[in-house]
Number of protein chains: 2
Amino acid sequence: MRARDENKEIAIRQKAVEMIVKEGLDGLSMQKLAKAAGVSPATIYIYYKDRDDLIIQLALYASEKLTCTSLENFNPEMSFEEGMKLQWRNRARFFTENPTEMLFVEQIKHSQHYERFVEANKGHFKEVMTKFTRNAIKNKELIELPFEAYWSVAFGPLYQLIKFHSQGHSYANKEFHLTDELMMETLQLVLKALKP
Amino acid sequence: MRARDENKEIAIRQKAVEMIVKEGLDGLSMQKLAKAAGVSPATIYIYYKDRDDLIIQLALYASEKLTCTSLENFNPEMSFEEGMKLQWRNRARFFTENPTEMLFVEQIKHSQHYERFVEANKGHFKEVMTKFTRNAIKNKELIELPFEAYWSVAFGPLYQLIKFHSQGHSYANKEFHLTDELMMETLQLVLKALKP
DNA sequence: AAAATAAATGAACATTCATTCATTTAATAA
DNA sequence: TTATTAAATGAATGAATGTTCATTTATTTT
């Protein structure tokens, strides 16, 4: 038996994500990807069933990486403020360290692939976050409200800030950069909203 | 001179947006679009320079429609709470009445086309919103903070809620539907965050 | 060293792609 | 009515697409 060359797998994944972020989902061609990864087109089909499978697998992989990073040092028993601060920082750090992958996940989330993507995404993470919010409610650190409303207020602003940053948004001719300071300032507003 | 058939233009636009939302940017082919719109492929090129131009023009058109709707009955001199409530309701209404177009804009916003898209989007709207926030700050209804932070807290949650709704998100086996009541409840949280 | 296995390949496949062009159609201006 | 103009067309183009397959290569097992 001949073993799979891990470098090839990584090259395919990396180049594919790069291509999609740079040229869009419609800019990803199997043959161009093969060339960019230094691999035969047929090789890609050893790793992935077809083009759609490639895209979804990559999205799941990247998303799991993000989820994993967001849970680093996290504990559902943490105080609400501490837990939220850690989640925000972990997510922002993932973005700083993997901007391309983050943009890729966001792109997939807003594409026609989202449905299959979200289906496969019901894992450990939801469980932990449920515990976290339940605990916070019990401790009167968080108001009671539907999970989706909580999530929207808790993380919607962070993702919007990241989007502004990654797109080099400018307002009144001043370019926007997301600093840890501004992030924590914004988080304080979010906490104010969510505390009883 | 022969006049352009407006119905054809509308059919092209509508079918293109539908196709993109349903099958993604990589699912949009000029020939399929022509067939769906009941038009010759060559006709599309009378209205649009090429495929990319088509996509961007459509995105700009839809986005302007959204912007316009969001400003209906809006006045930058309004009280902060009233103004925010109106913006949320207007945006939510646009989504309810034009779900496909809304999803389309969101998809483009998160695609490689965003840059060209945002460049052409610096119009009347920003001016009005700047007046609105300045006025609210002056009246001590809104804390002072960078525009991007304000926007993130003010509208990030709404867009996240809309996303949950449009994707038929479910939590604890309960499907999520965005009601006006929950929307207004969430808005109250956002206002709590943004008020001095 | 030989056999066995699966990874890896490059050429090839039929399709589909975006776009063009010579021609026709319809509406206005003369 | 006739001339003029641009909209609209359908067929055609060559390039690029996703995927397959017979073959080769590298590694492990016997």
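Order of the sequence lines sets the chain letters (A, B, ...), proteins ahead of strands, with each chain counted from 1.
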Item to complete: Please state how far atom CG in A:L33 lies from atom P in C:dA8, giving the value in whole angstrom units.
Response: 14 Å
Practice prompt. Look at the side chain of A:D50 and decide which nucleotide, out of C:dT19, C:dA8, D:dT19, has an atom nearest to it.
Written response: D:dT19
Item to complete: Could you tell me whether the phosphate oxygens of C:dA7, OP1 or OP2, come under 4.0 Å of any side-chain nitrogen or oxygen in A:Y45?
Response: no
Fill in: Whole angstrom value for the distance that separates P of C:dC17 from CG of B:L54
15 Å
Worksheet item: Between A:D26 and B:Q112, does any side-chain donor sit less than 3.5 Å from a side-chain acceptor?
Response: yes
Practice prompt. Verify whether one side chain among B:H169 and B:E175 offers a donor that lies under 3.5 Å from an acceptor in the other.
Written response: no
Worksheet item: Any side-chain donor paired with an acceptor under 3.5 Å for B:T130 and A:Y171?
Response: yes
Practice prompt. Validate the cation-pi geometry between A:K163 and B:Y114: distance from NZ or CZ to the six-membered ring centre under 6.0 Å, angle to the ring axis within 45°.
Written response: yes
Fill in: Phosphate-side-chain proximity, A:S40 and C:dA8, N/O vs OP1/OP2 below 4.0 Å
no
Practice prompt. Could you identify which residues of residues 17-30 of chain A place a heavy atom less than 4.0 Å from some atom of DNA chain D, listed by residue number, or say none?
Written response: A:L28, A:S29, A:M30
Worksheet item: Considering only D:dT20, D:dG10, C:dA7, which nucleotide approaches the side chain of A:R2 most closely?
Response: C:dA7
Worksheet, complete the sentence: On DNA chain D, more 5' by nearest nucleotide between A:K32 and A:K49 is A:K32
Fill in: Protein-nucleotide distance (B:K8, atom NZ; D:dA8, atom P), rounded to Å
6 Å
Item to complete: Return the nearest nucleotide to the side chain of A:I46; candidates are C:dT19, C:dG10, C:dA8.
Response: C:dA8
Worksheet entry | Selection from D:dA8, C:dA7, C:dT20 that lies nearest to any side-chain heavy atom of B:R4 | D:dA8
Can I get a per-line list of side-chain donor-acceptor pairs under 3.5 Å for residues 12-19 of chain A, giving both atom names and the distance, sequence neighbours left out?
none

Item to complete: From the options C:dG10, D:dA8, D:dG18, select the nucleotide whose nearest atom is closest to the side chain of A:R51.
Response: D:dG18
Discussion item. In whole Å, I'd like the distance from the CD atom of A:Q31 to the C1' atom of C:dA12.
Written reply: 11 Å
